[in-house]
*Asks:* 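Okay, handing you the structure first.
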Amino acid sequence: MRLGEDFYKQDAVTVAENLVGKLLVRKLKGEKVECRIVETEAYAGPEDKASHAYQNKKTDRTEVMFNSGGCVYVYLIYGIHNCFNIVTNEKGKPEAVFVRAVEPLSGIEIIKEKRDIKSKQVEEFTNGPGKLSQALDINKELNGYDLVSGDEIYLKTDDNNPEYQVISGKRINIDYAEEYREKLWRFFIKGNPFVSV
DNA sequence: CACAGGATCCACT
DNA sequence: GTGGATCCTGTGA
């Protein structure tokens with residue numbers, strides 16, 4: 001079942017935790033490429049020193065984070081990689097969930113084509129934020145895209161109800177965030193080979 | 001207008 | 001384990 005508005009309008013930590021195990025559907029070349037989300041991080045509002053929207057900082061880049069939950073936030077990092085985020089909570093509250101890793105379920109051939117690396121390890125195709133963005137052709141054109149009503153990219157529940165355990169931990173590469181480094185706002189599926197670290 | 005730096009990845013040693 | 005890539009963005013002059 002497709003995730004609706006209500007799901008995204010919860011706080012970022014709740015959404016981050018519940019997003020693990022959900023399916024990400026991306027339309028590429030007229031085909032539906034499906035992936036299971038295996039790792040997320042919450043960037044939770046104006047008090048979070050790790051967030052781009054810390055202290056409600058509103059700029060051209062962070063503006064989408066202030067939209068109501070359910071739209072896409074894409075930004076470029078290190079001049080190279082796009083990062084895929086999902087905006088959460090009510091309009092005016094700048095919160096988002098960063099999707100760090102996914103497990104491909106269908107459309108592997110398309111993913112391989114989009115990724116251009118020597119390694120043939122399947123895990124290497126989508127086990128990191130920049131990697132999954134490249135694999136699923138996620139770029140700035142999708143910034144602000146509506147996951148609730150759009151057709152190019154959206155989320156749904158996994159109706160096969162697989163067994164998995166969700167673990168929380170500290171977020172990655174946010175050394176600048178002082179005491180917010182310690183927050184256990186990273187969530188991932190225990191033992192899943194596609195988890196990034 | 002100029003500049004520093006980043007929610008990373010990959011090839012190489 | 002490590003360094004280079006590479007460019008957009010935010011900031012301050």
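Chain A is the first sequence line, chain B the second, and so forth, proteins listed ahead of strands; every chain is numbered from 1.
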*Asks:* Measure the distance from OH on A:Tyr78 to P on B:dT8 and round it to the nearest whole Å.
*Replies:* 5 Å
*Asks:* Nearest 0.5 Å, what's the CG-CD1 distance between A:Leu28 and A:Ile111?
*Replies:* 8.0 Å
*Asks:* Between B:dT8, B:dA11, B:dA7, spot the one nearest the side chain of A:Ile117, thanks.
*Replies:* B:dA11
*Asks:* Return whichever of A:Ser51 or A:Asp116 has its heavy-atom-nearest nucleotide of DNA chain B closer to the 5' end.
*Replies:* A:Ser51
*Asks:* Mark yes or no for whether A:Glu95, through its side chain, and A:Asn89, through its backbone, hold a donor-acceptor pair below 3.5 Å.
*Replies:* no
*Asks:* Pairs of donor and acceptor atoms involving the side chains of residues 41-49 of chain A, under 3.5 Å and at least two apart or interchain, shall be tabulated with distances.
*Replies:*
| residue | atom | partner | partner atom | Å |
| --- | --- | --- | --- | --- |
| A:Glu41 | OE1 | A:Tyr43 | OH | 2.7 |
| A:Glu41 | OE2 | A:Ile172 | N | 2.9 |
| A:Asp48 | OD1 | A:Ala50 | N | 2.9 |
| A:Asp48 | OD1 | A:Arg171 | NH2 | 3.1 |
| A:Asp48 | OD2 | A:Ala44 | N | 3.1 |
| A:Asp48 | OD2 | A:Arg171 | NH1 | 2.8 |
| A:Lys49 | NZ | A:Glu178 | OE1 | 2.9 |
| A:Lys49 | NZ | A:Glu179 | OE1 | 3.1 |
| A:Lys49 | NZ | A:Glu179 | OE2 | 3.4 |

*Asks:* Heavy atoms of chain A, cut-off under 4.0 Å: which first and last nucleotide of DNA chain C, 5' to 3', fall inside that, if you could look?
*Replies:* C:dA5 to C:dT11
*Asks:* Got a salt bridge between A:Lys29 and A:Glu109, using NZ or NE/NH1/NH2 to carboxylate O under 4.0 Å?
*Replies:* no
*Asks:* Tell me if a side-chain donor or acceptor on A:Ser196 pairs with a main-chain N or O of A:Ala101 at a distance below 3.5 Å.
*Replies:* no
*Asks:* Convert the base pairs of DNA chain B into dot-bracket notation, remembering that pairs crossing earlier ones are written with [ ] and that bases paired across to another strand are shown as |; include only Watson-Crick or G-U pairs under 3.5 Å.
*Replies:* ||||||.|||||.
*Asks:* Whole angstrom is fine here: how far is it from CG in A:Leu76 over to C1' in B:dG5?
*Replies:* 13 Å
*Asks:* Taking atom P of B:dC9 as reference, at what distance in whole Å does atom CD of A:Gln134 sit?
*Replies:* 10 Å
*Asks:* On DNA chain B, check which nucleotide each of A:Lys118 and A:Ile172 is closest to and give me the residue with the more 5' one.
*Replies:* A:Ile172
*Asks:* Quick one: salt bridge (charged side-chain N to carboxylate O under 4.0 Å, His left out) pairs with a partner in residues 185-197 of chain A, sequence neighbours left out?
*Replies:* A:Glu39-A:Arg186
*Asks:* Categorize A:Arg100 for me: base, sugar-phosphate, or nothing, with a 4.0 angstrom heavy-atom threshold over every strand shown.
*Replies:* sugar-phosphate
*Asks:* Using the side-chain hydrogen bond (donor to acceptor under 3.5 Å, both in side chains) criterion, which residues pair with A:Asp159? Sequence neighbours excluded.
*Replies:* A:Thr157
*Asks:* Taking atom C1' of B:dT8 as reference, at what distance in whole Å does atom CG of A:Leu132 sit?
*Replies:* 12 Å
*Asks:* When all nucleic acid strands are considered with a 4.0 Å heavy-atom cut-off, which category describes A:Ile80: base, sugar-phosphate, or nothing?
*Replies:* base
*Asks:* Checking side-chain polar atoms at under 3.5 Å, does A:Lys131 have a donor or acceptor matched by the opposite partner on A:Asn127?
*Replies:* yes
*Asks:* Once you apply a heavy-atom cut-off of 4.0 Å, does A:Lys49 come out as touching a base, just sugar-phosphate, or nothing?
*Replies:* nothing
*Asks:* For the residue pair A:His52 and A:Tyr75, categorise the inter-ring angle as parallel (less than 30°), tilted (30 to 60°) or perpendicular (more than 60°).
*Replies:* perpendicular
*Asks:* Output the rounded distance in Å from CG (A:Asn82) to P (B:dG6).
*Replies:* 18 Å
*Asks:* Can you check whether A:Arg115 has a side-chain N or O nearer than 4.0 Å to OP1 or OP2 of B:dC10?
*Replies:* yes
*Asks:* Is the shortest side-chain N/O distance from A:Asn173 to OP1 or OP2 of B:dT8 below 4.0 Å?
*Replies:* yes
*Asks:* Taking CG from A:Asp175 and C1' from B:dT8, how many angstroms apart are they, rounded to a whole number?
*Replies:* 14 Å
*Asks:* Counting only side-chain N and O atoms of A:Tyr176, is one of them less than 4.0 Å from OP1 or OP2 of B:dA7?
*Replies:* yes
*Asks:* List in numerical order all residues of residues 53-75 of chain A for which some heavy atom is under 4.0 Å away from an atom belonging to DNA chain B.
*Replies:* A:Tyr75
*Asks:* With side chain to side chain contact (heavy atoms under 4.5 Å, CB included) as the test, pick out the partner of A:Ile86 among A:Leu19, A:Leu24, A:Thr40, A:Val72.
*Replies:* A:Leu19
*Asks:* Find the distance A:Phe188:CZ to B:dA7:P and express it as a whole number of Å.
*Replies:* 21 Å
*Asks:* Rounded to whole Å, please give me the gap between CZ in A:Arg171 and P in B:dT8.
*Replies:* 12 Å
*Asks:* Would one find more than 12 heavy atoms of other residues, nucleotides or ligands at under 6.0 Å from atom NZ of A:Lys9?
*Replies:* yes
*Asks:* Is it true that the NZ or CZ of A:Lys183 lies under 6.0 Å from the centre of A:Tyr180's six-membered ring and within 45 degrees of the ring axis?
*Replies:* yes
